[in-house]
Amino acid sequence: MVAERRHYPNEFALVMNQIDIERTALRSRMLGGIRSDDEGAELELAGWVHRRRDLGGLIFLDLRDRSGLVQVSLGPDWTEPASLDLAHQLGAEDVVAVVGSVVVRSPENRNTEIPTGDIELRATVLRRLNRADTPAIPVYRSPEDALPSEELRLKHRVLDLRRSELQENLQLRHRLVLACRNYLDKLGFIEIETPILTKPTPEGARDFLVPSRLHHGEFYALPQSPQIYKQLCMAAGFDRYFQIARCFRDEDLRADRQPEFTQIDVEASFVEPDDILGWMEGLMVALAAEAPRIQAEVPFIRLTHAEALERFGTDKPDLRFGVEIQDWTHALARLDAPVFSAAVGEGGRLRGLLLEGGAKLSRRQIEAVEGSAKVAGAPGLLWAKCSDEGGSGSLARFMDEDAYRELGTKTGDLVLVAAGTDRMTSPALSAARLAAIEALEIPEDREHAWLWVVDFPIFEEGADGALTANHHPFVMPHPEDEDRLEAEPLSVRGLAYDLVYNGVELGSGSIRNHDPKLQRRILRLLGLDDAEIDLKFGFLLNALASGAPPHGGVAFGVDRLVALFVGADSLREVIAFPKTTTARALFEGAPTPLDEEGLAELGLSLSRAEDQAAPARTGEGDGEQVAHASGAET
RNA sequence: GGGGCUGUAGCUCAGCUUGGUUAGAGUGCCGGUCUGUCACACCGGAGGUCGCGGGUUCGAGUCCCGUCAGCCCCGCCA
């Protein structure tokens, strides 16, 4: 008896395959794996009542756990009377345990829809372990039922999470994270935890702030990423670091953005980009092995940032499709089209897409493609359908035979042209490319398009004309470009790279700046004076000056990666307890107002008097509240 | 910060265009019949702050204004 209760996976038992890891005190095994091989086995099973079919004399229960469903049959000939009575009273989601034997069903009674459909458990005893209220949203769903509204699914998240879809998503998420840890461990990376209470950063996204009780008027920030800490780890000699790291950004949300999210964060010393890219390609292969719908073949394609923009108009091109942007400035500038001469006069170009067979699109469809280019910032596109009698469309009247020949069109093709600066035409043509591919139902060249985009510029021009960091301010400038930093900063490439899968950015990284003098030059270019630099980044510069090795790394968005790997449209499908688009947690009801006493302890007061007595109700929060630090120096 | 869509029974939805009797359906729930169901079947029943507030009107689920919530997008954010 004692030996039977030792079901923990001690090493010997695991190696010898002698224990059943599914066994617990209350059940002999889980449900999903029971098969006709188990005929005659006496089992104690436990789970939730998924569905009950009460025929009066006979009762069938579909019992559910995370591994699957098993039908339990109860009847007067084999079930004890008290258990039979109880079975009549069971409701959906009650938690029960049954004792019985595995019976192979007669051929006409088999259920081919479920893996355990060849057997059932003929129950002698049924016990209710816990009652369940009638579910507010159904866990069971018949084939044609729609999902409950997202709001109710989030409010009753525990019930929603019981559905097999979410169970499977989170189980795959676990396997991906585990595969990641195993892979990086084998490469000698060690996982190091970094602080959640950190120092506010002036760069990038807004920080979530945490008031300090011990230091009124002072605040911690939650990390936007462990970026600086992992560089400190390199300076500290840890050489190869990783972390499955929670990150926080207080910005508006999207289907693919949550205020808190998880990154696979990696950093290594004495590396160049090829080291990181090679390791990470191997990581993607290891992860793809866990996900049936994803494949990864190495090495991945590489494009420079400049080339990606030239050929696809975006820094995250979807390379499943071959359509590319063409530069037709030479062929078309001579045409008598005012838009063209104006664009070229301003230093712009005439670029476009040649869509084979595109003339079959209706005018309305083409205008829809043009519409997506307009949303992306273009005033419009010129287009021409190519036919035997010449062409039609807004571009056709400017075209002549030579122009068509130079573009290389054939009958039945469609030509789209955008005129203007690259800054405007690239996003427009990128959007038009994807819209046209969809409208024309162009088949994929490949199903899995993995791509590294490399050599990102380190700066971009902000709305006010000031320089901002394209990525973050710690990217090592490309050695060939370093001497142009002050003179032509926008032309300086960085040793930075993004991983793109089917047009979705999965992660990005760079070789970091390990030279404190060079780092200071870059921070100055971003508009910080030396005093600010010392105040905000002094600890990093000091660490670099203490003998930091050359280092670099990368970070991947786990939520986005899992969503892609399970084919989910929204990150909420791969996060157990996600926030709404207004960053509320509907299940537990966060955030929540703080009473006077709580505020006082933190040295805070609210700026709007009418809000101070705000009721602490979830979901019905009234108006924004702005916290002030009574002792803040700024 | 801006734009769009949605909100009616526990759940999914119809009704709103064109204001007018007691607001419907499916499912779930409750009661009953039923020994091979697996969306069990059949009979009966209960169940509504039409998101909330205001307005127009003799009369508002329906029209108007505001507001709240959820979702999608732009800005923002890698």
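Below, read A as the first sequence line, B as the second, and so on, with proteins coming before strands; counting in each chain starts at 1. Heavy atoms only: backbone and side chains are in, while hydrogens, waters and symmetry mates are out.
Counting distance only, with no hydrogens placed and no angle test, the side-chain atoms of A:R122 and the base atoms of B:G36 include a donor-acceptor pair under 3.5 Å. Counting distance only, with no hydrogens placed and no angle test, the side-chain atoms of A:R254 and the base atoms of B:G75 include a donor-acceptor pair under 3.5 Å. In the interface, the side chain of A:R51 is not paired with the base of B:C40 through any donor and acceptor atom under 3.5 Å apart.
Among the protein residues, A:T580 comes within range of the sugar-phosphate backbone only, with heavy atoms under 4.0 Å from sugar or phosphate atoms but none that close to a base. Within the nucleic acid shown, A:R249 comes within 4.0 Å of sugar-phosphate atoms alone, with no base atom in reach, counting heavy atoms only. Contact annotation for A:D315: base contact, defined as any heavy-atom pair under 4.0 Å involving a base atom. Across all strands shown, A:D145 has no heavy atoms under 4.0 Å from either base or sugar-phosphate atoms. Counting non-hydrogen atoms under 4.0 angstrom, A:R105 reaches a base of the nucleic acid. A:G91 comes within 4.0 angstrom of no nucleic acid atom, judged by non-hydrogen atoms across all strands. Across all strands, A:D250 comes closer than 4.0 Å to no nucleic acid atom at all (heavy-atom distances). Using a 4.0 Å heavy-atom criterion, one finds that A:E120 contacts the bases of the nucleic acid, with or without backbone contacts as well.
One atom, NZ of A:K579, and another, C1' of B:A69, lie 17 Å apart when rounded to the nearest Å. Across the protein-nucleic acid pair, A:Y140 atom OH and B:C29 atom C1' stand 16 Å apart, rounded to whole Å. The nearest whole Å value for the distance from the CG atom in A:N111 to the P atom in B:G36 is 17 Å.
Summarising the geometry of A:E93 relative to A:W48, their closest heavy-atom pair is O-CD1, 3.4 Å, with the distance given to 0.1 Å. Minimum interatomic distance between A:T194 and A:P226 (heavy atoms only, all atoms of both residues): OG1-CB, 3.6 Å. Scanning both residues, A:V453 and A:A308, for their nearest heavy atoms gives CG1-CB, 4.4 Å. The minimum heavy-atom distance linking A:A373 with A:A432 is given by the pair CB-CB, 4.3 Å. Nearest approach of A:R249 to A:Q224, heavy atoms of both residues: NH2-O, 3.0 Å. Summarising the geometry of A:V554 relative to A:E267, their closest heavy-atom pair is N-OE1, 4.3 Å, with the distance given to 0.1 Å.
For the pair A:S426 and A:E310, the minimum side-chain heavy-atom distance is 4.5 Å or more.
Each of B:A78, B:U35, B:C29 was ranked by its minimum atom distance to the side chain of A:A205; first place goes to B:A78. The listed nucleotides are B:C29, B:C72, B:G36; the one nearest the side chain of A:A255 is B:C72. Comparing B:G1, B:C38, B:U35 by their closest approach to the side chain of A:D252 singles out B:G1. Closest to the A:E251 side chain, of the nucleotides B:C76, B:U35, B:C72, is B:C76. When distances are taken from the side chain of A:T581 to each of B:C72, B:A78, B:G75, the shortest belongs to B:C72.
The phosphate of B:G70 has OP1 or OP2 within less than 4.0 Å of a side-chain N or O from A:T582. Contact annotation: A:R572 reaches the phosphate of B:C72 (side-chain N/O to OP1 or OP2, under 4.0 Å). Contact between the side-chain N/O atoms of A:R52 and the OP1/OP2 oxygens of B:A39 is not found at any separation under 4.0 Å. A:R53 has a side-chain polar atom (N or O) that falls below the 4.0 Å cut-off from OP1 or OP2 of B:C40.
Residues A:D265 and A:Y241 have side chains that bring a donor and an acceptor to within less than 3.5 angstrom of each other.
Between A:F556 and A:W452, the ring planes lie tilted relative to each other; the angle falls in the 30° to 60° range.
Although no hydrogens or angles enter the test, the distance criterion places no donor-acceptor pair under 3.5 Å between the side chain of A:E120 and the main chain of A:S73.
Under the Watson-Crick or G-U wobble criterion, with both distances below 3.5 Å, B:C63 is paired with B:G55.
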Which atom pairs link the protein and nucleotides 7-11 of chain B when you take only N or O atoms and keep those under 3.5 Å?
from, atom 1, to, atom 2, distance (Å)
B:G10, O2', A:A136, O, 2.7

- Could you walk me through whether A:F300 and A:Y497 pass the ring-ring contact (aromatic ring centres under 6.0 Å, His included) test, one step at a time? CA-CA 13 Å; A:F300 296 164; A:Y497 31 82; over 10 Å; no
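Shown for residues 62-75 of chain A: residues whose heavy atoms fall under 4.0 angstrom of RNA chain B, namely A:Q71.
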